[in-house]
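Worksheet: the structure to be examined is printed underneath.
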Amino acid sequence: MQLTGHFSLDELTFSSTAQRMGIANAPNLDTVMHLTILASGLERIRALLGHPLRIDSGYRCPALNRAVGGVPSSAHIDGYAADFICPEFGSPLLIARTIQASGIQVDQCIQEGTWVHVSFAPALRQQYLTAAFGPSGAIYSKGV
């Protein structure tokens, strides 16, 4: 099922971890509506960057979210978030800074080392963060 011109339901729900662990990562109808909002936001980012996005993680059912160590309140569970890269455009840091400068309305945009996390949850807080990973987990600081 195609959600937008460039993003499909399969792409935004695929997980190699779910396949490997036998987790059914199937969204309900409300979550598919949220994934459509996510896909629309990703379309705006794709147009901004001028290159295809490589989605690493979109929707995660609660079992998959636990399996990958996601926080219980993750926007991935609700279908509003995706982790992606766009190597043809540049580094995750450059991508996050470009999104911030663009005025595209996001809830969160986090530069997470080797990828960018973006959420289009309804609050649209325009929250920009940078993650640093250490032995005790991720530490988030304001700004990108």
Side-chain angles (χ1 to χ4, degrees), residues 1-21 23-62 64-134 137-144:
M1 170 183 188
Q2 204 64 28
L3 298 175
T4 61
H6 294 102
F7 298 98
S8 69
L9 182 61
D10 285 345
E11 179 179 18
L12 294 179
T13 58
F14 175 79
S15 167
S16 57
T17 301
Q19 282 187 335
R20 188 176 64 255
M21 298 180 74
I23 297 171
N25 193 42
N28 62 33
L29 289 178
D30 285 340
T31 304
V32 171
M33 291 174 54
H34 301 169
L35 286 165
T36 302
I37 293 167
L38 170 63
S40 295
L42 292 172
E43 287 286 356
R44 292 190 296 278
I45 292 172
R46 187 185 195 277
L48 172 69
L49 303 180
H51 297 282
L53 309 182
R54 296 184 197 171
I55 307 299
D56 180 60
S57 180
Y59 170 71
R60 298 181 198 146
C61 68
L64 176 58
N65 192 61
R66 282 189 302 277
V68 301
V71 297
S73 61
S74 174
H76 287 276
I77 295 171
D78 296 321
Y80 286 120
D83 298 335
F84 72 94
I85 60 172
C86 185
E88 294 84 357
F89 181 81
S91 70
L93 179 59
L94 178 61
I95 292 166
R97 286 180 174 165
T98 301
I99 294 169
Q100 184 175 26
S102 75
I104 291 174
Q105 295 292 301
V106 300
D107 186 52
Q108 276 190 328
C109 182
I110 307 173
Q111 192 281 118
E112 293 198 86
T114 59
W115 71 88
V116 176
H117 166 93
V118 67
S119 165
F120 291 93
L124 296 175
R125 297 172 289 172
Q126 290 299 104
Q127 186 177 57
Y128 288 87
L129 304 169
T130 297
F133 298 94
I139 298 172
Y140 296 91
S141 57
K142 288 186 179 185
V144 292

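With hydrogens and angles ignored, the 3.5 Å screen pairs a side-chain donor or acceptor of H76 with a backbone N or O of G58. Counting only distance, with no hydrogens or angles, the side chain of E43 and the backbone of G5 share a donor-acceptor pair below 3.5 Å. Proximity of a side-chain donor or acceptor of Q111 to a complementary backbone N or O of G113 within less than 3.5 Å is detected. In this structure a side-chain-to-backbone donor-acceptor pair under 3.5 Å is missing from Q127 to C109. With hydrogens and angles disregarded, no donor-acceptor distance shorter than 3.5 Å links the side chain of D107 to the backbone of F120.
A 6.0 Å sphere centred on CG of D56 holds no more than 12 heavy atoms belonging to other residues, nucleotides or ligands.
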task: Apply side chain to side chain contact (heavy atoms under 4.5 Å, CB included) to M1 and V32, showing your working.
output: CA-CA 10 Å; M1 170 183 188; V32 171; 4.3 Å; yes

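Minimum heavy-atom separation, L3 to A39: CB-CB, 3.9 Å. Annotation for H34 and D78: closest pair ND1-O, 2.6 Å, computed over non-hydrogen atoms. Considering every non-hydrogen atom in both R46 and H51, the closest pair reads CG-O, 3.3 Å. Of all heavy-atom pairs spanning G79 and L38, the tightest one is O-CB, 3.6 Å. The shortest non-hydrogen separation linking Y59 to I77 is CE1-O, 3.2 Å. The two residues A67 and I23 have their closest heavy-atom pair at CB-CD1, 4.1 Å.
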